[in-house]
Amino acid sequence: MTVTEAPRANYSPGGPAAGPLRLTAPAACAGLRLDQALAKLLPEFSRSRLAQWVRSGQATVDGRAARPRQKVRGGERIEIAPQPEAAVDAHRPEDIPLDVVFEDNALLVVNKPAGLVVHPGSGNWRGTLLNALLRRVPALSGIPRAGIVHRLDKDTSGLLVVAKTLAAQAALVRQLQARSVKREYLAVAHGRVARDGRIEAPIGRHPLRRTRMAVVARGRPAVTHYQVLERHAHATVLRCRLETGRTHQIRVHFQHLRHPLVGDETYRRGTRHGIAFPRQALHAERLAIVHPATGKAMEWQAPLPADMRKLVSGLRRTGAEVPSPVTRRSSRRTK
């Protein structure tokens, strides 16, 4: 192989390239498909990644657009313009507005809107809460996960705490492990939930649909407490308190009760009752912790966002049995 520009030392398997890579295919590669030849010549990149570059038009053979399965004879001039994977760019600061409820030298509490992904991942490498945090507090680049210690689903709104120091992060993780962090949610579920209750059912990956969670015998312990606030003809407004913090916990537990959340297309089991809502009706209303630096008990509350207020108002217009009406609370109160 003859490399005429951008030697391999300028590349890393996950990082961006310094420039286009130009090489000549050796006779030893004669008869191989182009993707096979490139895998031998450029072992620092995965074969699937090389094939993707070829398919996306980032490679030429003798000046012509290349195809992954075309045969190599030997002696061809190959040029590749490597591009970084989306994940490489994931931790870049972005100017995304944040509703900051509280901030000091150790903590930042955000009222996250529905639709904002918390952490970069497959299909959502940019435009996340993490990107916004790195813009607001550049020092978070030195904290694992930019200080994020717990998550909310993309389409769940509400309160989320971020650690601004390593010490604060360690303290918050200990509180989460000790189950001393208090997290309450407001939810709207399909059907008429009869009474207040407690759901204790282990949660793990769905045995067939691996992108979903489910109540499974070998899952991790999960406990949700709930209180009926308003009972309507085809839906119930609930306040839920998490004792544990499993992925999709409230959504999975209420599907398990056969009362999936309104708007939850993933866990709805086909139940609609004519109630239209563009996301799961779930809002992280209250968050209470012990401040990791001062030792003071602190609490924040975020009122229902406009879309959920409109949903609840529409349910009320149909008439409701109201055991304990939903109260409106200030998002700025601490104690």
Side-chain angles (χ1 to χ4, degrees), residues 96-114 116-119 128-154 156-187 198 222-227 229 238-247 249-250 282-306 308-309 324 326-335:
I96 300 170
L98 290 176
D99 180 8
V100 176
V101 173
F102 173 85
E103 185 173 12
D104 65 8
N105 291 333
L107 299 177
L108 186 148
V109 178
V110 175
N111 183 15
K112 186 189 84 68
L116 180 63
V117 174
V118 170
H119 198 277
T128 70
L129 176 66
L130 181 143
N131 300 119
L133 290 170
L134 290 174
R135 172 64 182 266
R136 183 181 179 93
V137 187
L140 287 175
S141 61
I143 309 294
R145 298 181 180 273
I148 296 169
V149 295
H150 66 114
R151 300 189 188 188
L152 296 176
D153 297 337
K154 175 182 177 180
T156 297
S157 56
L159 296 171
L160 186 144
V161 64
V162 176
K164 294 175 68 175
T165 69
L166 287 170
Q169 187 179 52
L172 289 174
V173 169
R174 286 194 297 270
Q175 290 183 50
L176 286 164
Q177 291 172 340
R179 302 184 182 180
S180 60
V181 176
K182 295 180 175 62
R183 289 170 288 173
E184 290 186 0
Y185 294 70
L186 291 177
R198 177 178 184 270
V223 179
T224 303
H225 302 263
Y226 61 92
Q227 175 189 6
L229 300 180
L238 303 151
R239 178 169 286 120
C240 305
R241 178 172 62 83
L242 291 183
E243 188 173 313
T244 56
R246 308 301 175 216
T247 301
Q249 179 171 316
I250 293 173
L282 185 62
H283 173 69
E285 179 202 34
R286 177 175 175 257
L287 175 68
I289 64 168
V290 174
H291 194 287
T294 67
K296 178 183 177 182
M298 303 195 73
E299 177 184 317
W300 301 272
Q301 283 139 346
L304 277 178
M308 283 190 66
R309 290 201 306 271
S324 177
V326 177
T327 58
R328 294 187 178 181
R329 298 173 172 175
S330 168
S331 65
R332 307 294 174 179
R333 191 183 75 180
T334 65
K335 69 177 184 179

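What you are looking at is a predicted structure, and each value in this text was computed from that prediction instead of being measured.
Residues Leu152 and Leu129 have side chains not in contact (no heavy-atom distance under 4.5 Å, counting atoms from C-beta outward). Side-chain contact between Val109 and Leu159 is present, with at least one heavy-atom pair separated by less than 4.5 Å. Using a 4.5 Å cut-off on side-chain heavy atoms (C-beta onward), Asp99 and Pro113 make no contact. Residues Arg179 and Thr244 meet the side-chain proximity criterion, which asks for heavy atoms closer than 4.5 Å. In this structure the side chain of Arg183 never reaches within 4.5 angstrom of the side chain of Val161, judged on heavy atoms. The closest side-chain heavy-atom distance from His225 to Glu243 is below 4.5 Å.
The nearest pair of heavy atoms linking Val162 to Leu140 is CG1-CD1, 4.3 Å. Among all heavy-atom pairs drawn from Leu133 and Ala146, the shortest one is CD1-O, 4.2 Å.
The NZ atom of Lys112 lies 11.0 Å from the CG atom of Leu98; values are rounded to the nearest 0.5 Å. From His291, atom NE2 reaches atom CG of Asp104 across 3.5 Å, with rounding to the nearest 0.5 Å.
Classification of the Trp300-Phe102 ring pair by plane angle, with boundaries at 30° and 60°, yields tilted.
Among the candidates Val118, Val149, Val101, the single residue satisfying the side-chain contact (heavy atoms from CB on, under 4.5 Å) test with Leu160 is Val118.
Between Glu103 and Lys164 there is a salt bridge, since at least one side-chain N of the basic residue sits less than 4.0 Å from a carboxylate O of the acidic one.
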Let's go through Ile250 and Leu238 carefully: what are the C-alpha distance in whole Å and the side-chain angles of both, what is the deciding distance for side chain to side chain contact (heavy atoms under 4.5 Å, CB included) to 0.1 Å, and is it a yes or a no? CA-CA 11 Å; Ile250 293 173; Leu238 303 151; over 6 Å; no
Begin from the C-alpha positions of Val173 and Gln177 and carry the test side chain to side chain contact (heavy atoms under 4.5 Å, CB included) through to its verdict. CA-CA 6 Å; Val173 169; Gln177 291 172 340; 3.7 Å; yes
